[in-house]
Undergrad: 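Mind having a look at this structure? Questions to follow.
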Amino acid sequence: MSEFEDKVLRIVKKIPPGKTMSYKQVAEKAGSPKAWRAVGSCLKKNNNPAIPCHRVIKSDGSPGGYNKGRKLKIKKLKQEGAQIKEL
DNA sequence: CGTATGACGTGCA
DNA sequence: GTGCACGCCATAC
C-alpha cells in the first residue's frame with residue numbers, strides 16, 4: 001500500500017459520525033492538497049469496511065459516488081445526520 | 001515505462 | 001444556475 005493511500009484511509013477513518021469531508025480536504029490532510037483525484041481513485045479500490053468512505057463527499061456537498069451505490073451513501077449520510085445536497 | 005481512466009475541482013460560456 | 005472543457009494525482013494495464 002502506498003504512503004498516500006495509508007494517509008487517506010487513515011484520515012477518512014478518523015472522520016467522526018455525522019460529519020463529512022470533501023475529497024480535497026482529505027487530500028490536503030494527506031499531504032497532497034492537489035491529489036483529491038487520487039483520493040477517490042484510492043478509496044474506490046480500497047473499499048475497506050473500516051473506512052467510512054461514504055463520509056467523503058464532493059466540495060459542493062454532493063455525495064459523489066460510492067462502490068456500493070450512491071443511493072446507499074446518501075442514505076447512510078442522512079441517517080448519520082450529515083448535511084448533503086440530497087436533502 | 002507510457003497511456004488511459006477515475007468516487008473530482010475549478011473556470012468559463 | 002447549468003453544462004462543457006481542462007487540469008490534477010495515483011492506479012491499472
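Given the structure is predicted, the values throughout are model-derived calculations rather than measurements. So you know, we letter chains A, B, ... as the sequences are listed, proteins then strands, and number each from 1.
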Undergrad: Using a 3.5 Å distance criterion without hydrogens, assess whether the side chain of Lys45(A) forms a donor-acceptor pair with backbone atoms of Ser41(A).
TA: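 Looks like yes, one N/O pair under 3.5 Å.
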
Undergrad: If you compare all heavy atoms of Pro63(A) against all heavy atoms of Ile74(A), which two are closest, and at what distance to 0.1 Å?
TA: CG-CG1, 3.5 Å

Undergrad: For residues 27-36 of chain A, which residue pairs pass the side-chain hydrogen bond (donor to acceptor under 3.5 Å, both in side chains) check, not counting sequence neighbours?
TA: none

Undergrad: List in chain and number order the residues that pass side chain to side chain contact (heavy atoms under 4.5 Å, CB included) with Arg55(A), two or more places apart in sequence or in another chain; answer none if no residue qualifies.
TA: Ile15(A), Pro17(A), Pro52(A), Leu77(A), Glu80(A)

Undergrad: Give, ordered by number, those residues of residues 55-71 of chain A having at least one heavy-atom distance below 4.0 Å to an atom of DNA chain C; if nothing qualifies, reply none.
TA: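 Nucleic-acid contacts, sorted: none.
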
Undergrad: Once side chain to side chain contact (heavy atoms under 4.5 Å, CB included) is applied, do any residues pair with Asn46(A), and if so which ones, sequence neighbours excluded?
TA: Met1(A), Glu5(A), Leu9(A), Cys42(A)

Undergrad: Taking only residues two or more places apart in sequence or in another chain, which ones pass side chain to side chain contact (heavy atoms under 4.5 Å, CB included) with Ala30(A)?
TA: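 With sequence neighbours excluded, Ala30(A) shows a side chain to side chain contact (heavy atoms under 4.5 Å, CB included) to Phe4(A), Lys7(A), Val8(A), Ile11(A), given in chain and number order.
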
Undergrad: Side chain to side chain contact (heavy atoms under 4.5 Å, CB included) with Lys71(A): which residues, sequence neighbours excluded?
TA: none

Undergrad: Taking DNA chain C as the partner, which of residues 13-30 of chain A come within under 4.0 angstrom of it by heavy atom?
TA: none

Undergrad: Got a sec, which pairs hit side-chain hydrogen bond (donor to acceptor under 3.5 Å, both in side chains) with one end in residues 56-70 of chain A, sequence neighbours left out?
TA: Asp60(A)-Ser62(A)

Undergrad: Could you identify which residues of residues 31-42 of chain A place a heavy atom less than 4.0 Å from some atom of DNA chain C, listed by residue number, or say none?
TA: Lys34(A), Ala35(A), Trp36(A), Arg37(A), Ala38(A)

Undergrad: Quick one: closest heavy-atom pair of Leu43(A) and Cys53(A), and the distance?
TA: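 In terms of heavy atoms, the two residues are closest at CD2-CB, 4.2 Å.
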
Undergrad: How would you give the extent of chain A contacts on DNA chain C, as first and last nucleotide 5' to 3' within a 4.0 Å heavy-atom cut-off?
TA: dG7(C) to dA12(C)

Undergrad: Mind listing the closest non-hydrogen atom pair of Ala82(A) and Thr20(A) along with its distance?
TA: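 The pair with the smallest heavy-atom distance is CB-CG2, 3.5 Å.
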
Undergrad: Give one of base, sugar-phosphate or nothing for Lys45(A), where a contact means two heavy atoms less than 4.0 Å apart.
TA: sugar-phosphate

Undergrad: Using a cut-off of strictly less than 4.0 Å between a heavy atom of the residue and any atom of DNA chain B, enumerate the qualifying residues of residues 46-53 of chain A by number.
TA: Cys53(A)

